[in-house]
Number of protein chains: 2
Amino acid sequence: MDTYYINILRQHNLKATPQRIAISQALDKNGHLSIEELYEKLKQKFSSLSLATIYKNIHIMIENAFVTEVKIPEQKTVYELTKEAHSHLACSKCGYVEDIAVDLSEVIMEAKSKSAYEIEKLNLVFTGICPKCKA
Amino acid sequence: MDTYYINILRQHNLKATPQRIAISQALDKNGHLSIEELYEKLKQKFSSLSLATIYKNIHIMIENAFVTEVKIPEQKTVYELTKEAHSHLACSKCGYVEDIAVDLSEVIMEAKSKSAYEIEKLNLVFTGICPKCKA
DNA sequence: CTGACTGCAAACGTTTTGCACGGTA
DNA sequence: TACCGTGCAAAACGTTTGCAGTCAG
């Protein structure tokens with residue numbers, strides 16, 4: 001139901017336009033999408049959809065902590081709805097990206113003790129072959 | 001001495017042109033540079049230097065495992081001379097990037113046991129404030 | 001001497017911008 | 001109704017390509 005997305009959009013100070021609802025839904029259902037994939041998917045619903053609208057919305061959604069950008073080595077950048085901190089697994093064959101939760105507390109402690117930086121966050125991406133591509 | 005860079009370039013099957021020597025040296029001395037930073041630095045030595053030359057060389061150097069691309073969340077991509085696997089620390093204020101070695105064997109084991117992917121490598125970037133920016 | 005590299009200019013793809021119109025709250 | 005969001009077209013970027021001349025090996 002759209003009400004669900006309307007509410008979470010409003011909770012993030014975003015007006016609930018049909019395009020934004022569709023973006024939220026697409027990211028929610030697909031997990032991780034690139035700008036181009038988002039555009040292709042939504043173009044089916046809104047034939048007049050403009051790429052500029054996708055760009056503008058993704059950026060405003062990132063600013064409002066509603067969406068998070070995920071940069072993957074040697075692949076296109078993808079976007080996801082913001083969740084608790086987690087890591088990512090990316091398939092080097094097909095590009096599919098999924099979430100993975102690993103315990104990083106030790107790693108963070110080690111990094112803090114070894115460096116003079118005031119560490120705020122960390123970003124971990126595993127790359128490999130997904131089950132589908134292995135088969 | 002240039003001989004040093006000439007040799008490592010040749011070891012990577014790359015002809016040792018003055019531009020390539022300068023790129024190697026700049027990356028070696030500065031650690032991590034973006035395309036633009038590289039261009040600005042080398043432009044001083046080679047006033048006729050073309051951006052296209054930087055792009056072409058960086059790519060051929062990546063293909064020959066001489067240079068590695070480092071993608072940093074919300075920052076410009078930087079390049080470094082290829083070394084053993086290591087992680088990175090990036091300053092969210094000034095953009096400065098440095099290497100850090102942390103033990104990731106446990107994390108890798110955990111990821112392998114939790115996922116059906118055939119994990120090949122991992123990429124870890126810490127973001128925070130560097131000592132200079134803290135002061 | 002030959003093939004590879006450079007610099008230039010043009011082409012390309014992606015992202016951003018300005019503006020008039022339309023829709024949300 | 002007032003303001004914000006949308007779509008369009010153009011502009012601005014960053015990156016790539018083709019080509020003629022030059023250089024490394």
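Just so it is clear: chains get the letters A, B, ... in the order the sequence lines come, proteins before strands, and each one is counted from 1. Excluded from the calculations below are hydrogen atoms, water molecules and symmetry mates; all remaining heavy atoms, backbone and side chain alike, are included. All values reported here derive from a predicted model rather than from experimental measurement.
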Whichever of B/K43 and B/L14 has its nearest DNA chain C nucleotide further upstream toward 5': B/L14
For the pair made of CG in B/N13 and P in C/dC5, what is the distance, rounded to whole Å? 11 Å
Give the rounded distance in Å between these two atoms: CG of B/L9 and P of C/dC5. 11 Å
Do A/H12 and A/E63 pair up side chain to side chain, a donor and an acceptor below 3.5 Å, judged on atom types alone? no
Check whether any side-chain nitrogen or oxygen of A/Q19 sits under 4.0 Å from OP1 or OP2 of D/dG7, and answer yes or no. yes
How many Å lie between CD1 on B/I54 and C1' on D/dT16, as a whole number? 15 Å
What is the distance, to the nearest angstrom, from the OH atom on B/Y55 to the C1' atom on D/dC13? 9 Å
CD of B/Q11 versus C1' of D/dG25: gap in Å, rounded? 17 Å
Below 4.0 angstrom from OP1 or OP2 of D/dG7, is there any side-chain N or O of A/T53? yes
Can a salt bridge be assigned to the pair A/K114 and A/E110 using a cut-off of 4.0 Å between side-chain N and carboxylate O? yes
Check for a donor-acceptor pair, side chain of A/K45 on one end and backbone N or O of A/A22 on the other, with a separation under 3.5 Å. no
Rounded off to whole Å, could you give me the CG-to-C1' distance for the A/L42 and D/dG7 pair? 15 Å
Could you tell me whether the side chain of A/L81 reaches within less than 4.5 Å of the side chain of A/F66, counting heavy atoms only? yes
Single-linkage hydrophobic cluster, 4.5 Å side-chain cutoff, A/F46 and A/Y39 together: yes
Between the protein and nucleotides 17-24 of chain D, are there any N/O to N/O pairs under 3.5 Å, and if so, what are the atom names and distances?
unit_1, atom_1, unit_2, atom_2, d
D/dG18, O6, B/K56, NZ, 3.0

Distance-only polar pair, side chains of B/K56 and B/Q19, donor-acceptor under 3.5 Å: no
Using a 4.0 Å cut-off on heavy atoms, which residues in residues 57-71 of chain A reach DNA chain D? List them by number, or say none. A/N57
Would you say B/T68 and B/T82 are linked by a side-chain donor-acceptor pair, where the criterion is simply a distance under 3.5 Å? yes
Can you tell me the distance, in whole Å, between the CD1 atom of B/I35 and the C1' atom of D/dT15? 9 Å
Answer with yes or no whether the side chains of B/Y5 and B/D28 bring together a donor and an acceptor at under 3.5 Å. yes
Check every strand shown and say whether B/E36 touches a base, only sugar-phosphate, or nothing at a heavy-atom separation below 4.0 Å. nothing
Rounded off to whole Å, could you give me the CG-to-C1' distance for the A/L51 and D/dC8 pair? 12 Å
Side-chain donor-acceptor pair present, A/D99, A/H32, cut-off under 3.5 Å: yes
